[in-house]
Trainee: 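Structure incoming, see below.
Note that the structure is predicted; figures quoted are calculated from it, not measured. Throughout, protein chains are lettered first and strands after them, A, B, ... in sequence-line order, and every chain is numbered starting at 1.
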Amino acid sequence: MNPYAYIREQVIAMVGTLADDGVLPKGLDFSNLSVEAPRDPSHGDVATNAALVLTKQARMKPHDIAVPLAERLAGLEQVVAAEIAGPGFINLRLSNDFWRDRLGEVLAAGSAYGDSTMAGGEKINIEYVSANPTGPLHIGHVRGAVYGDALANLLAKVGHDVCKEYYINDAGAQVDVLARSLHLRYREALGETIGEIPEGMYPGDYLVPVGQAMAARDGDKWRSLAEADWLEEFRRFAVAAMMDLVRGDLARLGIEHQVFFSEDSLHKDGGIDRALATLQEKGLIYTGVLEPPKGKTPDDWEPRPQTLFKASQFGDDVDRPIRKSDGSWTYFAADIAYHHNKVERGYRQMVDVWGADHGGYIKRMKAAVRALSDDQGQLDVRLCQMVRLLRGGKVVRMSKRAGNFVTLRELVDEVGRDVVRFMMLTRKNDAPLDFDFDATMEQSKDNPVFYVQYAHARIHSVFRRVAEELPDLPRNVENLIMADLSGLTDSAELDLIKQMASWPRAVEIAAQAREPHRISFYLNELASNFHALWNKGNADPQLRFIITEDSDITQARLALIQGVAFVLASGLAVMGVEPVEVM
RNA sequence: GCGCCCGUAGCUCAGCUGGAUAGAGCACCGGACUUCUAAUCCGGUUGUCGCAGGUUCGAAUCCUGCCGGGCGCACCA
């Protein structure tokens, strides 16, 4: 049960009884009526703005609504106090039994606690990473990869049918460059001296074994052929090898896409033609000449007729070209076809995760989806800002030309998967993020990963201890569910339960906002409250979890911390971080 | 010149989609270990929420205009 939703129903029901009795008018609109935990705990457990929201509709002063409403709410079994405060809020304090019942729900659900049916099984497609298949993944890809993956987990948790997808940019000039670079490495593998890799080719060592594999498979059959004869095969071979590399890198982060979609396939099987025919039928394709961009005009600008998509009809600033002047398709044309394909596969909800430098591309892509789906499909583009690496207080400089960017593999090997994933989710996706190597190596509160995992490990440490000290005490979940919880009376204990009870709501809000970083903030707070309770036990031995001479209270407290462990595990699962049991 | 994102404590950032006296960590000061893991906890200090208007019972949050920073701006992917 979501306690806030539950109390909201009660409030609305009570307003209904007041209307029945003629105190309030009938037919009131409750859409803005909220029931939330007040920021200041001294205001009670939950607060409602009912009187404030209804004042205009009812043509009554907030106070005149609040007084009778509070009176009726106070009569509810779960409510021990109802007070009117501020401009007309009603603050409710709920009974301890009501809260203890919530702990039972946590234990019954286990680490599935917080799962929701909010999305009703609706299909949603989330495309992320989609890095060019021209080399290993590097630091610039990591954030989008982690964000996209955590978002996919989060959406699944609230009841979406999620498809995780990777778009392979295996068409276009950069793949030809890759094929030529591979041909060099192939000749090298056959014993030629190739010298310095020419400017404009991919110089990375990762192509060396691919060249060797090619030589081992085919011998020298491609060596003296003209480029036109080997290019196609080398493209295919190179892309396959690069995608193996990429999949291996992603596996290191624990990321696995269900669908890898090839851009090239859209060119080859007529996907682009079909998508553009769809737009053509709607009268959204025409030949025209674009205005030069406002402000500074590029030096080589010249007016030329192009095939254009009427993106401006769907909120974009200008119409966008879908054919280059040489007649070939633009990248945008293929992207239209790709999203057309998603729509054809039945997706109405689509999420694309991009780097911040692609911000200028959002409007045209959204326009295309609206046009293709007759406004039925919804594309949400989430941008991930830059990650700055810091070491020893200094920014780690990287440049593509120098080839000294930090790879995903190096990063994960150095600090570990859990640290990378957690740190990438400690900021809003559209805010820049500093990744400080020194802080991640530190085992202290500076390091949020350790802080949260430490709480989880401590709980398991208590269970290990109780197995030694009270071996006969039933301590598995089935027994803890039936424990008598009435001994949980300390405010820190009850606060912990209240916070756990807000977890399902926190999950739904994070999913609605599509902001998985909120999960990490929630977990930090939960861990903090747990650590606080732990230390209370240091000061007052009566508050320890294990009281050897009182098995009832021990069991109640085991139930409490088992609940915390479940919620921590539930949240860490969204983030894709392992809940460790020993540290 | 246009579009998108951002501006909150000395620093790094939250702020539950409009609520009450704006929060947390770091930093700084002072306390708690014969302990269920001190990798922790407790207390103290810190603000023109970039500026100016507007919307209303109520604005850090929504709208408009400025100021400041980032990214992107015909056929590249």
Trainee: Look at the side chain of A/T554 and the backbone N and O of A/I547, then say whether any donor-acceptor pair between them is shorter than 3.5 Å.
Mentor: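 Here the side-chain-to-backbone pair exists.
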Trainee: Please report the distance, rounded to the nearest Å, between CD in A/Q385 and P in B/C71.
Mentor: 9 Å
Trainee: Quick check on B/G15: is either OP1 or OP2 less than 4.0 Å from any side-chain nitrogen or oxygen of A/R518?
Mentor: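 The answer is yes; a side-chain N or O of A/R518 sits under 4.0 Å from OP1 or OP2.
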Trainee: When you check the phosphate oxygens OP1 and OP2 of B/G15, does a side-chain N or O of A/H517 lie under 4.0 Å from one of them?
Mentor: yes
Trainee: Identify whether any heavy atom of A/I546 sits under 4.0 Å from a base atom; if not, whether one sits that close to sugar-phosphate; answer base, sugar-phosphate or nothing.
Mentor: base
Trainee: Would you mind reading off the distance between A/F450 atom CZ and B/U37 atom C1', rounded to a whole angstrom?
Mentor: 14 Å
Trainee: Using atom CZ of A/R505 as one end and atom C1' of B/U17 as the other, report the distance to the nearest whole Å.
Mentor: 11 Å
Trainee: Tell me what A/A539 touches on the nucleic acid: a base, only sugar-phosphate, or nothing, going by heavy atoms under 4.0 Å.
Mentor: nothing
Trainee: OP1 or OP2 of B/C41 sitting under 4.0 Å from any side-chain N/O of A/Y451?
Mentor: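 True: A/Y451 side-chain N/O within range (under 4.0 Å) of B/C41 OP1/OP2.
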Trainee: Under 3.5 Å, which protein N or O atoms sit close to an N or O of nucleotides 75-77 of chain B? Give each pair with its distance.
Mentor:
from	atom 1	to	atom 2	distance (Å)
B/C75	O4'	A/Q306	NE2	3.3
B/C75	O2	A/S325	N	2.7
B/C75	O2	A/S325	OG	2.4
B/C75	N3	A/R304	NH1	3.4
B/C75	N3	A/R304	NH2	3.0
B/C75	N3	A/S325	OG	3.2
B/C75	N4	A/R304	NH1	2.9
B/C75	N4	A/R304	NH2	2.8
B/A77	OP1	A/K324	NZ	2.8
B/A77	O3'	A/Q174	OE1	3.4
B/A77	O3'	A/Q174	NE2	3.1
B/A77	O2'	A/N132	OD1	3.2
B/A77	O2'	A/N132	ND2	2.9

Trainee: Using a heavy-atom cut-off of 4.0 Å across all strands, would you classify A/G359 as base, sugar-phosphate, or nothing?
Mentor: nothing
Trainee: Would you tabulate the nitrogen or oxygen pairs shorter than 3.5 Å linking the protein to nucleotides 56-65 of chain B?
Mentor:
none

Trainee: Just wondering, do A/Y147 and A/R514 contact through their side chains at under 4.5 Å, heavy atoms?
Mentor: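 Counting from C-beta outward, A/R514 and A/Y147 do come under 4.5 Å.
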Trainee: Heavy atoms only, 4.0 Å cut-off, all strands: where does A/A510 land among base, sugar-phosphate and nothing?
Mentor: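 Since no nucleic acid heavy atom lies under 4.0 Å of A/A510, the category is nothing.
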Trainee: Find the distance A/L526:CG to B/A24:C1' and express it as a whole number of Å.
Mentor: 15 Å
Trainee: Stacking between A/F89 and the base of B/A20 (centre distance under 5.5 Å, interplanar angle under 30°)?
Mentor: yes
Trainee: Under the side-chain contact (heavy atoms from CB on, under 4.5 Å) rule, what do A/M575 and A/F422 come out as? Steps first, then yes or no, please.
Mentor: CA-CA 7 Å; A/M575 302 176 77; A/F422 202 109; 3.7 Å; yes
Trainee: Distance check, rounded to the nearest 0.5 Å: A/L28 atom CG versus A/L33 atom CG?
Mentor: 10.0 Å
Trainee: Given the rule that a pair is Watson-Crick or G-U wobble with both distances under 3.5 Å, how would you write RNA chain B in dot-bracket, using | for pairs to a different strand?
Mentor: (((((((..((((.....[...)))).(((((.......))))).....(((((..]....))))))))))))....
Trainee: Starting from C1' on B/U37, measure out to CZ on A/R544 and report it in whole angstrom.
Mentor: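 That distance rounds to 12 Å.
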Trainee: Between B/C16 atom C1' and A/R8 atom CZ, what is the distance in whole Å?
Mentor: 15 Å
Trainee: List in chain and number order the residues that pass side chain to side chain contact (heavy atoms under 4.5 Å, CB included) with A/P62, two or more places apart in sequence or in another chain; answer none if no residue qualifies.
Mentor: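 By the side chain to side chain contact (heavy atoms under 4.5 Å, CB included) rule, A/P62 matches A/L52, A/T55.
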Trainee: So which protein N/O to nucleotides 6-12 of chain B N/O distances come out below 3.5 Å?
Mentor:
from	atom 1	to	atom 2	distance (Å)
B/U12	O2'	A/R427	NH2	2.7

Trainee: Please state how far atom OH in A/Y454 lies from atom C1' in B/U40, giving the value in whole angstrom units.
Mentor: 5 Å
Trainee: Does the pair A/S262 and A/D264 meet the rule for a side chain to side chain donor-acceptor pair (under 3.5 Å), with working shown?
Mentor: CA-CA 5 Å; A/S262 157; A/D264 198 42; 5.2 Å; no
Trainee: May I have the distance from A/M423 (atom CE) to B/G25 (atom C1'), rounded to whole angstrom?
Mentor: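 That distance rounds to 12 Å.
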Trainee: When the side chains of residues 351-367 of chain A are checked against the rest of the protein, which donor-acceptor pairs come out under 3.5 Å, sequence neighbours left out?
Mentor:
from	atom 1	to	atom 2	distance (Å)
A/D352	OD1	A/K342	NZ	3.2
A/D352	OD2	A/H339	NE2	2.7
A/K363	NZ	A/D317	OD1	3.1

